[in-house]
Amino acid sequence: MANKEVKFEPYNLEDYPEIENVDFPEEIYIAYAVCGNECGNKEFIVDGQTQICQYCGKLMFRTEVGKYVLEKN
C-alpha cells in the first residue's frame, strides 16, 4: 500500500477568530494512542477527541489513559 501524501493548508492569519479569554478545565484525560505498524505514529491525544492519525489519516488505538490536573500558576 503506497503512502498517500496529506497536505494541510494553513489559513491566512486574519481568517482565524480572535480569542480573548480561555477557561481551561480543572482536569483532563489524556490517552497514549498508536497507529498501525505500517504507519508507526504514536502520540498523546485528549481522550474522547479525534483519534485520526495526522500522518496517514487512519484511526489510532488508545492504549493507556491518564488523568491530568491543572496546576495554577
Side-chain angles (χ1 to χ4, degrees):
M1 182 167 156
N3 287 340
K4 60 181 174 183
E5 184 176 326
V6 179
K7 282 188 156 185
F8 294 99
E9 299 291 329
Y11 288 104
N12 293 322
L13 188 56
E14 61 271 6
D15 292 332
Y16 290 96
E18 288 188 35
I19 306 298
E20 294 189 23
N21 294 314
V22 176
D23 292 324
F24 285 91
E26 294 294 320
E27 61 186 39
I28 193 169
Y29 288 87
I30 302 293
Y32 185 68
V34 296
C35 199
N37 289 330
E38 187 175 312
C39 175
N41 184 34
K42 301 171 185 131
E43 61 185 80
F44 291 101
I45 61 173
V46 176
D47 193 36
Q49 299 297 317
T50 183
Q51 295 172 238
I52 303 300
C53 179
Q54 297 180 49
Y55 294 96
C56 72
K58 292 187 177 180
L59 191 62
M60 298 181 77
F61 177 75
R62 294 184 324 260
T63 60
E64 300 286 330
V65 178
K67 179 169 93 171
Y68 287 76
V69 179
L70 179 66
E71 179 179 300
K72 301 284 184 181
N73 288 340

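Bear in mind that the values here come from a model prediction, so they are computed numbers and not experimental data.
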Tell me if the [atom1] atom of [X] is crowded by more than 12 foreign heavy atoms within 6.0 Å.
X	atom1	answer
Tyr11	OH	no
Asn12	CG	yes
Glu14	CD	yes

Distance, nearest 0.5 Å, that separates [atom1] of [X] from [atom2] of [Y]:
X	Y	atom1	atom2	value
Lys72	Glu26	NZ	CD	4.0 Å
Arg62	Ile45	CZ	CD1	6.5 Å
Met60	Tyr55	CE	OH	9.5 Å
Lys58	Ile52	NZ	CD1	11.5 Å
Phe44	Glu64	CZ	CD	10.5 Å

Over all atoms of both residues, closest heavy-atom pair of Ala31 and Val65: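 For Ala31 versus Val65, the nearest heavy atoms are CB-CG2, 3.9 Å.
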Taking all non-hydrogen atoms of both residues into account, name the closest pair between Cys56 and Cys53 and its distance.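 Scanning both residues, the minimum pair turns out to be N-SG, 3.5 Å.
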Hydrophobic cluster identity match, Ile19 and Phe24, side-chain contacts under 4.5 Å: yes
If you group Ile, Leu, Val, Met, Phe, Trp and Tyr by side-chain heavy-atom gaps below 4.5 Å, do Phe61 and Tyr32 land in one group?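 Linked, Phe61 and Tyr32 end up in one cluster.
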Is the shortest heavy-atom distance from the side chain of Val46 to the side chain of Ile30 under 4.5 Å?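 Yes, side chains in contact.
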With Glu18, which residues qualify under side-chain hydrogen bond (donor to acceptor under 3.5 Å, both in side chains), at least two apart? none
